[in-house]
**Student:** 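Structure provided below as structure tokens; questions to follow.
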2 protein chains.
Amino acid sequence: MENTDVILVLAALGQPTRLETFRHLVRKEPEGIAAGELARLMAVPQNTMSAHLAVLARAGLVRGERQSRSIVYRAELGRVQALVDYLLKDCCGGHPALCGPLTSLVAQDPALQSTCP
Amino acid sequence: MENTDVILVLAALGQPTRLETFRHLVRKEPEGIAAGELARLMAVPQNTMSAHLAVLARAGLVRGERQSRSIVYRAELGRVQALVDYLLKDCCGGHPALCGPLTSLVAQDPALQSTCP
DNA sequence: TCCATATATCTAGATTAATTGATATATTGC
DNA sequence: GCAATATATCAATTAATCTAGATATATGGA
């Protein structure tokens, strides 16, 4: 993942309403949730939710698809995967001994090997 | 990790100067880097760097220790581990089939099992 | 004690983010 | 075409963040 994308993803999830919204969407995979229902679930006005969903979408964390009158949003779990990979490559990858239960996997998977000495 | 802590960590890393600073510190584990040297590396004024380090420290991502006149900062890699665990538990844990190379580990480690149906 | 070095704190200005009422756009059914 | 529903966009306000100059605090050495 690009460095600028990592910033977008971290900043998008680093906000209470958005993190909670994303967690709702993850739990409702793969059906997704309509924007209006999300607003009700989170008890925020629909335009506020719309703005938050736009931030999450710009970060690639969600995708909305029109379904009749509603727009149903779904979590892009691959984006979480990419974020985890980035974190492991940059941090645990360079210091496998310090990363507990994930160590063995990092050691096995070449894609997770560190690029830093 | 507490929900409020997750927000702190994500927001702390979701800023270009801070993410780059943290990456420098990860690379320099376990020696650490003095605050002033970090400011030079990142080409920002020392008080700006001090403010960023305070945010990272409040999120538990770094810790500073006085060494003579300098204060040497070190990355808290365990915090990254905790963040990854949180992400896997909340997202991949509930949908192991969608999480690629990490799937097997999540399946093996009881601590990473999902709490969401 | 005095000076130099290193970092944190204070303060203020500038920028960006969050929230929400009002309005526009798109879809469905009559 | 018209009304109803669902969502996005606009506009304005408030709040939070980022930045950096000036100053305070702490350490070490002469």
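Just so it is clear: chains get the letters A, B, ... in the order the sequence lines come, proteins before strands, and each one is counted from 1.
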**Student:** With a cut-off of less than 4.0 Å, is there a side-chain N or O of Tyr73(B) near OP1 or OP2 of dA6(C)?
**Tutor:**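 Indeed not, no polar side-chain atom of Tyr73(B) lies that close.
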**Student:** Could you state the interatomic distance from CG (Leu61(A)) to CG (Leu25(A)), rounded to the nearest 0.5 Å?
**Tutor:** 10.0 Å
**Student:** CD of Glu65(A) versus P of dA26(C): gap in Å, rounded?
**Tutor:**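 It is 18 Å, rounded to the nearest whole Å.
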**Student:** From C-beta outward on Ala51(B), which listed nucleotide comes closest to its side chain: dA8(D), dT19(D), dA8(C)?
**Tutor:**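 Selected nucleotide: dT19(D).
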**Student:** Could you state the atom-to-atom distance from CE of Met42(B) to C1' of dT19(D) in whole Å?
**Tutor:**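 Met42(B) atom CE is separated from dT19(D) atom C1' by 14 Å.
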**Student:** Give the rounded distance in Å between these two atoms: CD1 of Ile7(B) and C1' of dA17(C).
**Tutor:** 15 Å
**Student:** Which part of the nucleic acid does Ser68(A) contact within heavy-atom distance under 4.0 Å: base, sugar-phosphate only, or nothing?
**Tutor:**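 Since only primed, P, OP1 and OP2 atoms lie under 4.0 Å of Ser68(A), the category is sugar-phosphate.
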**Student:** Start at the 5' end of DNA chain C and walk down; is the nucleotide closest to Arg66(A) or to Thr48(A) reached first?
**Tutor:**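 The residue mapped nearer the 5' terminus is Thr48(A).
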**Student:** Rounded to the nearest 0.5 Å, how far does CG of Leu38(B) lie from OH of Tyr73(B)?
**Tutor:** 9.0 Å
**Student:** Taking for each residue the nucleotide of DNA chain C bearing the nearest heavy atom, is the 5' side occupied by Arg58(A) or by Gln67(A)?
**Tutor:**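 Of the two residues, Arg58(A) wins.
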**Student:** Would you call Glu65(A) and Arg74(A) a salt bridge, using N to O less than 4.0 angstrom?
**Tutor:** no
**Student:** How do Met49(A) and Arg69(A) order along DNA chain D: which one's closest nucleotide is nearer the 5' end?
**Tutor:** Arg69(A)
**Student:** Does any non-hydrogen side-chain atom of Asn3(A) lie less than 4.5 Å from one of Leu19(B)?
**Tutor:**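 Yes; the side chains approach each other to less than 4.5 Å.
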**Student:** Among the nucleotides dT19(D), dG29(D), dT28(C), which one has an atom lying closest to any side-chain atom of Thr17(B)?
**Tutor:** dT19(D)
**Student:** Quick one: is His52(B) getting a side-chain N or O under 4.0 Å of the dT17(D) phosphate, OP1 or OP2?
**Tutor:** no
**Student:** Taking atom P of dA17(C) as reference, at what distance in whole Å does atom CG of Leu10(B) sit?
**Tutor:** 16 Å
**Student:** Measure CG/Leu56(A) against C1'/dA8(D) and give the value in whole Å, please.
**Tutor:**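 Computing the Leu56(A):CG to dA8(D):C1' distance gives 16 Å.
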**Student:** To the nearest Å, how far apart are Asn47(B) CG and dT23(D) P?
**Tutor:**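 Computing the Asn47(B):CG to dT23(D):P distance gives 13 Å.
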**Student:** Applying the side-chain contact (heavy atoms from CB on, under 4.5 Å) test to Leu56(B), which of Arg63(B), Arg18(B), Arg79(B) qualifies?
**Tutor:**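 That would be Arg18(B); it is the only one of Arg63(B), Arg18(B), Arg79(B) passing the side-chain contact (heavy atoms from CB on, under 4.5 Å) with Leu56(B).
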**Student:** Roughly, in whole Å, what's the span from CD1 in Ile71(B) to P in dT7(C)?
**Tutor:** 7 Å
**Student:** Does Gln46(A) get its side chain close enough to the base of dA8(D), under 3.5 Å, for a donor-acceptor pair?
**Tutor:** yes
**Student:** Would you mind classifying the nucleic acid contact of Ser70(B) as base, sugar-phosphate or nothing, using non-hydrogen atoms under 4.0 angstrom?
**Tutor:**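 The answer is sugar-phosphate, as Ser70(B) gets under 4.0 Å only of primed atoms, P, OP1 or OP2.
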**Student:** Could you tell me whether Ala34(B) contacts a base, only the sugar-phosphate backbone, or nothing, with contacts defined as non-hydrogen atoms closer than 4.0 Å?
**Tutor:**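 Sugar-phosphate only.
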**Student:** Counting side-chain heavy atoms from CB outward, which of dG29(D), dT19(D), dT19(C) is closest to Gln15(B)?
**Tutor:**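 For the Gln15(B) side chain, the nearest candidate turns out to be dT19(D).
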